[in-house]
Amino acid sequence: MKPRHKRMALVGAGVALLVGAVALVLNAFSDNMVFFFTPTQVAAKEAPQNRTFRIGGMVQDGSLQRQPDGTTVHFIVTDTAHAIPVTYTGALPDLFKEGKGVVAQGKLREDGVFAASEVLAKHDENYMPPEAAHALEQARKAQSTVVQ
Amino acid sequence: MNWESARQFWEMGGYGFFVWGSYGVTALLVAAELLLLARRTKQARALATQDAALARIDAERRSGS
Amino acid sequence: MSEPQSSAARLPGAPGFNLFHYASPQTFYPLAGRLLWPCWLLAAALCAIGLYIGFFVAPTDATQGDSYRIIFIHVPAAWMSMVVYLAMAFWCIVGLIFNTRLSFMMSSALAPTGALWAFVALWTGALWGKPTWGTYWVWDARLTSELILFFLYCGYMALQAAIDDPRRADRAGALIAIVGAVNVPIIYFSVKWWNTLHQGASVSLTAAPTMATTMLWGMLVMALAAWAYTVGAALLRVRAIMIERERHTDWVRQLAQGGGSRT
């Protein structure tokens, strides 16, 4: 390969990479900056209609119901202000739990149920050993019984 | 101590593939970078030595004539 | 340091120690050589300590199990990928202002190691995301902006390799380095500014860390190891670049004649 050709190939690759980077930036800034909508935003009709989007929030405690077919689950995603019922068929990630964060992709049906095609777990930035988590849980329970 | 046996350590609580896949590839990449760096340094020095020798021959020839 | 060998390198009015003394390749070359081994030893020692803490002292995480141990490599790599890019932009700015050729060489020397860290951050992130989130990749703001950082490193290196004239290559590269630096705060604050799948920062300047102490120590020691390694790699590379670019000058010829193996 002649040096000139090599140079042109490298410039071409550089330009292609830059164009790719800019395209990614623009793409990201247009739709994907809003990676998910909260139930409150969905209730306010801020989420796209008749199009796939993601909702994010907490899996409401006690809302997880496994259906008889074994792979379909129903649960409620909440941000404490509003809640959306979700139905999903498929494997759930390891960290999917009641009371924990979740992001689901799918469509909002006419009946207000969100039909998810993909469910991802969103964990928080806290890292602690199981004993500490257990102690925290106990403390939380003790507090809630005092309040009641 | 977190592990009771080497096997347990290797399995990483069922996440062995992900944990060792992370550490392994990182170690490989770092090793590759160090190798490439050593080669580049060697090549640069060889080139410089060659260049210096040529310059010396050139200078000797000029002073000789 | 009180008696610089070449008084010509001193700026008028500058005190005894003169930073500009080391701004020329021939004085910086031996200094970089002396710093190499301390860097390697420090990196190796810190890495050993960090891995020991990470795997044997730090407990299993309550929610993520042992998959969280990827953090000891993921977070230091991600930090370094951002710090190195800022350092590149810094040296490019210094080079453009003071017109010092060593500054641009420093910037070029940092780029491949920065790209390595960006790639490692993405790779380990993917392997961490699969067991925890349930996916290797999503186009959220944090992941996308880190991918763009990796492309910026690649673009910088490709552009420099494509231009034969080092001065023009330096200037073209400086443009990418300086303009691209805008991306770094975007990466850092993306988890605050937008809804992302990626969680927020566990360690920040403004709040107490949200990690168990031993976990935090493992991560910080590994981050220091990554620092030491990065400095070592950049110094080794900048020495090679100095010889490559200045091999027709007297100081490199003297160096080459005086036994190439000496530092």
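The basis for the numbers below is simple: all heavy atoms, side chains too, and nothing from hydrogens, waters or symmetry mates.
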So what's closer than 4.5 Å to chain B heavy atoms on [X]: side chain, backbone, both or neither?
X	answer
Tyr68(C)	neither
Ala58(C)	backbone
His248(C)	both
Leu236(C)	both
Glu246(C)	neither

For this session: For Leu127(C) and Gly21(B), work out which heavy atoms get closest and say how close.
Result: CD1-C, 3.4 Å

Problem set entry | Contact summary for Ile70(C) and Val19(B), nearest pair of heavy atoms | CG1-CA, 3.9 Å

Exercise. Would you call the rings of Trp20(B) and Phe55(C) parallel, tilted or perpendicular if under 30° counts as parallel and over 60° as perpendicular?
Worked result: parallel

Problem set entry | From CA spacing to verdict: side-chain contact (heavy atoms from CB on, under 4.5 Å), Arg40(B), Glu244(C) | CA-CA 9 Å; Arg40(B) 185 171 178 181; Glu244(C) 284 165 8; 2.9 Å; yes

Problem set entry | Trace of the side-chain contact (heavy atoms from CB on, under 4.5 Å) decision for Phe56(C) with Phe9(B) | CA-CA 10 Å; Phe56(C) 295 102; Phe9(B) 182 67; 3.8 Å; yes

Problem set entry | Heavy-atom pair count under 4.5 Å with chain B, highest-scoring of Val57(C), Leu51(C), Thr113(C) | Thr113(C)

Exercise. Among Ala233(C), Gly232(C), Gly125(C), Pro131(C), which has the most heavy-atom pairs under 4.5 Å with chain B?
Worked result: Pro131(C)

Problem set entry | Engaged part of Phe18(B) at the chain C interface, taking heavy atoms whose separation is under 4.5 Å | both

Exercise. What's the spacing between Arg69(C) CZ and Tyr23(B) OH if we round to 0.5 Å?
Worked result: 8.5 Å

